[in-house]
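When a ligand or atom number is given, it counts from 1 through the structure's own listing order. Computation of the quantities below employed the complete heavy-atom set of this structure, encompassing side-chain atoms and omitting hydrogens, waters and symmetry-equivalent molecules. Keep in mind the model is a prediction, meaning the values are calculated, not measured.
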Amino acid sequence: MTTRERSEALAARAREVMVGGVNSPVRAFKAVGGEPLFFERADGPRMWDADGNEYLEYVGSWGPMILGHGHPAVVEAVADAARQGFSFGACAEGEVLLAEKVRELVPSMERVRMVNSGTEATMSALRAARGFTGRDKIVKFAGNYHGHGDGLLVKAGSGAMTFGVPDSAGVPADVARSTLTATYNDLGSVRELIAAAEGDVAAIIVEPVAGNMGVVPPADGFLEGLRGLCDADGIVLILDEVMSGFRVALGGAQARYDVRPDLSCFGKVVGGGFPVGCYGGRAEIMDCISPAGPVYQAGTLSGNPVAMAAGLATLRQLDEALYEGLEARSDQLEQGLRAAAGDAGVTATTNRVGSMVTLFFQEGPVTDYESATRSDTERFGAWWRGMRDRGVFLPPSQFEALFVSASHTTDDIGATLDAAREVLGTLG
Ligand code: PMP
């Protein structure tokens, strides 16, 4: 019998001292029963909780751990950097090396600025776009999540969608009014908003592969269509690649779908598990940022040397062969899940782009926010708990992507599918 006594005791203490017992809402597991797990250790594709239970895991710290946990090259780079000094408050070579590596892998990143999270990257990219264009409004898509910046918590996905509060309290109405919300994969809805805004749209921001309403791939021509609409009206196209960057291809979604944005945002993989984000793109837009230009943006710990070392060591491990392996094992997982659901008589559909996968408990197709919300979230909760009880740790929400890492083997996927068949069998 699995016990989770220590996790439960820690959760009780956490609730007394930490808001809601967590430092980020999705960790409260409210959508799947509300019993947070506390973890102690991770290695490769596995993690161990505070009670010593072992899990094959597909959260991957919500995306960063593309190599799996504790890759020796990354551990060594972090230890070396830490010995040299934690933080200088001044420039260091690691910042240049990581920026050069990002630009080598993603050529649209002509100028790069390091920040500390995906949220900072998107907030700053929007400010840059507004400063460059002198316009106020932005267009985002329902069910896309771009971090917790004020203007971006309008019809947001991820935790906001999981908890049924797509609009946050505490966001000034004036700020929310500058955010226009379109329908994902629907260019017509974007055209209408641009026309109604009468020349005041500074930027369109989009997850080029949506991961925050579960995985939703861009429809054929969608990203290209956005590029065209932006070109026609002098609008800055921002691809939020915080999740898709270095994940769906070495060059991110922009390489996979061959679309060149004006600005891009990265996070997660670019920090190799440390708090790093970055944004960048066309030099003439980025040169609006301080100290080169009038748009202010700064950070005490931005470009932190230990974090830069982790990111660089991670990106240096990535090559085409790694993505081929990820594709093959992710396909094995997706096909296996779909077949297992079919055999068990459970209504379900899958979406997958590269190593991002979602099993939706509904008939599908899932193409946007509206269709994603048709999923049976009660059933998802039972699925999640059943997998947890069999030692498989999945993202605790229907509206998230699971991530396969380079450390998951064919046998790991096989073991996961064995557990999935058992659990789906109990749900049919
Ligand atoms: N953009 C996207 C697409 C994301 O998935 C996330 C986080 N899941 C963010 C932005 C925000 O990043 P962070 O949590 O590092 O602030």
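The shortest N or O to N or O distance between T119 and ligand 1 is under 3.5 Å. Note: no N/O pair closer than 3.5 Å links H146 and ligand 1 by distance alone. Of the N or O atoms in N212, one or more lie within a sub-3.5 Å distance of an N or O in ligand 1. Polar contact with ligand 1: present for G118 (N/O pair, distance under 3.5 Å).
Close approach of ligand 1 to E207 is summarised as follows: ligand atoms under 4.0 Å from at least one heavy atom of the residue are 3 (C). When each atom of ligand 1 is checked for a heavy atom of G147 under 4.0 Å away, the hits are 9 (C), 10 (C), 11 (C). Taking every non-hydrogen atom of S117 and a distance limit under 4.0 Å, the qualifying atoms of ligand 1 come out as 15 (O), 16 (O).
In this structure, the separation between CG on L105 and CG on L315 is 6.0 Å, given to the nearest 0.5 Å. To the nearest 0.5 Å, atoms CD (Q335) and CG (L417) are separated by 10.5 Å.
From the protein, the heavy atom lying nearest to atom 1 (N) of ligand 1 is D240 OD2, 2.6 Å. In terms of protein heavy-atom proximity, atom 7 (C) of ligand 1 is closest to K268 NZ, 3.3 Å.
With T349 contributing its side chain and Q362 its backbone, the two residues share no donor-acceptor pair below 3.5 Å. Checking side-chain atoms of D43 against main-chain N and O of R46 turns up no donor-acceptor pair under 3.5 Å.
Checked against side chain to side chain contact (heavy atoms under 4.5 Å, CB included), P395 has the following partners two or more places apart in sequence or in another chain: V59, W62, E400, L402.
Within the structure, the side-chain hydrogen bond (donor to acceptor under 3.5 Å, both in side chains) test picks out the following pairs touching residues 80-103 (sequence neighbours left out): D80-R83, K101-E104.
Using a 4.0 Å heavy-atom cutoff, Y145 is listed among the residues neighbouring ligand 1.
A salt bridge between E207 and R247 is absent, with no side-chain N of the basic residue lying under 4.0 Å from a carboxylate O of the acidic one.
Defined by atom type and a distance below 3.5 Å, a donor-acceptor pair is present between the side-chain atoms of R113 and Q297.
Within the 4.0 Å heavy-atom criterion, neither part of E120 lies near ligand 1.
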